[in-house]
Asks: 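The following block contains the structure, expressed as structure tokens.
Chain naming here is simple, since letters A, B, ... match the order of the sequence lines and numbering starts at 1 in each.
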Amino acid sequence: MFFYKTLINWYLKKNRDLPWRKTKSPYEIWLSEIMLQQTRVAQGLPYFLKFTEAFPTVFDLANAEESEVLKLWQGLGYYSRARNLHFTAKYVANELNGVFPNSYKGLLKLKGVGDYTASAIASICFDEPAAVVDGNVYRVLSRFYGIDTPINSTEGIKQFKELAQSIIQEEEPGRYNQAIMDFGALHCKPKSPLCNECPLASNCVALEQEKVSELPVKIKKIKVKKRYFNYVVVITEDETTLFSERKGKGIWQGLYQFPLIETTESISANELVKQEEFVSLIPNDAAISLFNKDEIIHKLSHQHLVTKFWVVRVSQIKGDAIKWSEIEQFPTSVLISNFLKDYTNTNSQNLYI
DNA sequence: AAAACGGGGGT
DNA sequence: ACCCCAGTTTT
């Protein structure tokens with residue numbers, strides 16, 4: 001109870017003024033929670049404003065084209081969130097008359113809504129005492145209670161959820177959930193937490209045992225792969241190009257891109273023109289130049305994409321072309337978005353063979 | 001149980 | 001470089 005009350009009191013003084021805290025509307029809370037999954041508040045905030053303006057209600061979102069949703073989501077990452085968001089909006093609008101489920105259990109069934117998000121919406125919108133466990137909660141609980149079970153182990157996930165659930169009260173569960181998350185984000189930070197002015201210091205096990213910097217424990221296991229991307233930027237005399245949707249599994253599903261030739265290592269122009277995919281795409285009269293002198297290393301969590309943009313000028317095109325002037329309407333990755341920006345600002349003289 | 005899934009910011 | 005972020009889904 002000390003823990004619970006202290007966090008709520010801290011929150012009443014120090015909470016962040018955020019737009020989704022002005023409402024209990026499940027639509028807006030849901031929208032904000034999906035956007036903030038694995039995403040910093042500062043990064044998600046402008047997207048929340050864009051989305052609520054473009055889609056004031058769940059019906060507006062449901063009636064949008066998926067590509068329109070992805071375009072607004074562009075740059076936020078984890079694009080399956082946007083596709084699931086749209087799917088769930090259509091489900092709620094069409095099957096549930098626009099009314100979101102009003103319980104943790106019901107919310108959990110929605111696509112893109114897991115344990116954290118169901119708890120957040122249920123507690124904030126419906127005052128259900130369902131405890132959220134996000135990265136902040138893991139950190140605050142592991143330190144305050146001195147728990148060194150790895151937070152990303154099966155056992156740790158179960159243990160911390162049970163502990164969090166045992167703490168939450170019937171009284172103001174939504175406010176408490178937001179309090180412990182804000183406290184983790186602003187006060188009990190990963191590096192340099194403010195222990196010398198902490199309202200929980202008197203009972204914090206990690207502080208007492210000088211283990212603050214060691215907690216929480218996390219098993220690290222990500223291994224980064226290198227991949228070699230060659231984007232073929234075909235440009236015809238009448239300013240059209242090839243730009244199509246990325247199908248199948250893997251990164252950037254549903255986003256648009258130039259024809260992509262992936263190789264096992266970095267290649268030259270001479271090697272590029274020998275690639276089967278290139279031959280089938282490009283006529284013999286093509287003029288090929290390399291746009292970026294240095295390889296672009298686009299860094300994702302699990303892979304580094306070593307990328308070359310090949311500008312290929314041709315008289316005519318084989319596949320389905322789009323007008324270059326309309327390319328910005330399509331949702332695309334930050335990697336390609338950055339290229340388009342650079343390309344527009346660069347004279348074609350600066351190309352490298 | 002582990003891997004995949006983005007991008008940005010802090011140290 | 002490495003870690004972390006209002007996690008969820010797929011393999």
Asks: Any Lys/Arg nitrogen of A:D182 or A:R21 sitting under 4.0 Å from an Asp/Glu carboxylate oxygen of the other?
Replies: yes
Asks: Using a 4.0 Å cut-off on protein heavy atoms (strictly under), produce a 5'-to-3' string for nucleotides 1-11 of chain C with B for base contact, S for backbone-only sugar-phosphate contact, and - for none.
Replies: --SBBBBSS-S
Asks: Take the protein atom CG of A:N338 and the nucleotide atom C1' of B:dG7, then report the distance between them rounded to whole Å.
Replies: 11 Å
Asks: What distance, rounded to whole Å, do you find between the two P atoms, one in C:dC3 and one in B:dA3?
Replies: 15 Å
Asks: Categorize A:G44 for me: base, sugar-phosphate, or nothing, with a 4.0 angstrom heavy-atom threshold over every strand shown.
Replies: nothing
Asks: Tell me which residues in residues 144-174 of chain A lie within less than 4.0 Å of DNA chain C, going by non-hydrogen atoms.
Replies: none
Asks: Hey, is the main chain of A:A89 close enough, under 3.5 Å, to the side chain of A:Y27 for a donor-acceptor pair?
Replies: no
Asks: Taking all non-hydrogen atoms of both residues, which atom of A:S266 and which atom of A:E271 are closest, and how far apart?
Replies: O-OE1, 4.3 Å
Asks: Tell me the interatomic distance from A:H302, atom NE2, to B:dG7, atom P, rounded to whole angstroms.
Replies: 14 Å
Asks: Can you tell me the base-pairing partner of B:dG6? Count Watson-Crick or G-U wobble geometry only, both distances below 3.5 Å, and say none if there is no partner.
Replies: none
Asks: When the distance from CZ of A:R81 to P of B:dG6 is rounded to whole Å, what number comes out?
Replies: 9 Å
Asks: Would you say A:W73's side chain and A:G77's backbone share a donor-acceptor pair under 3.5 angstrom?
Replies: yes
Asks: Are A:R227 and A:E262 close enough for a salt bridge, meaning some N to O gap below 4.0 Å?
Replies: yes
Asks: Could you check whether A:D148 pairs with A:K211 (Lys NZ or Arg NE/NH1/NH2 to Asp/Glu carboxylate O, under 4.0 Å)?
Replies: no
Asks: Which whole-number value in Å describes the distance from A:L305 CG to B:dC5 P?
Replies: 10 Å
Asks: Are the charged groups of A:K71 and A:E65 less than 4.0 angstrom apart, N to O?
Replies: no
Asks: Could you check A:K223 against A:V334 and say which one's nearest nucleotide on DNA chain B is further toward the 5' end?
Replies: A:K223
Asks: Would you kindly give the CD1-to-P distance between A:I251 and B:dA3, to the nearest whole Å?
Replies: 18 Å
Asks: Hey, does A:L76 reach any base, or is it just sugar-phosphate, or nothing, if we go heavy atoms under 4.0 Å?
Replies: base
Asks: Using atom P of each nucleotide, how far apart are C:dT11 and B:dG6 to the nearest Å?
Replies: 14 Å
Asks: Tell me whether A:K161 contacts the main-chain N or O of A:A131 through its side chain, where contact means a donor paired with an acceptor under 3.5 Å.
Replies: yes
Asks: Salt-bridge test for A:K24 and A:D127: reply yes if a basic N is under 4.0 Å from a carboxylate O, no otherwise.
Replies: yes
Asks: Please give, in whole Å, the distance from B:dG6 P to A:R227 CZ?
Replies: 11 Å
Asks: Could you give the CH2-to-P distance, from A:W73 to B:dG7, as a whole number of Å?
Replies: 13 Å
Asks: Nearest whole angstrom, please: distance from the P of B:dG7 to the CD of A:Q74.
Replies: 9 Å
Asks: With P as the reference atom in both, quote the distance from B:dG10 to C:dA6 in angstrom, rounded to an integer.
Replies: 12 Å
Asks: Just to verify, which of A:F291, A:F339, A:F229, A:Y343 counts as forming a ring-ring contact (aromatic ring centres under 6.0 Å, His included) with A:F258?
Replies: A:F339
Asks: So, OP1 or OP2 of B:dA4: does either fall under 4.0 Å of a side-chain N or O from A:W252?
Replies: no
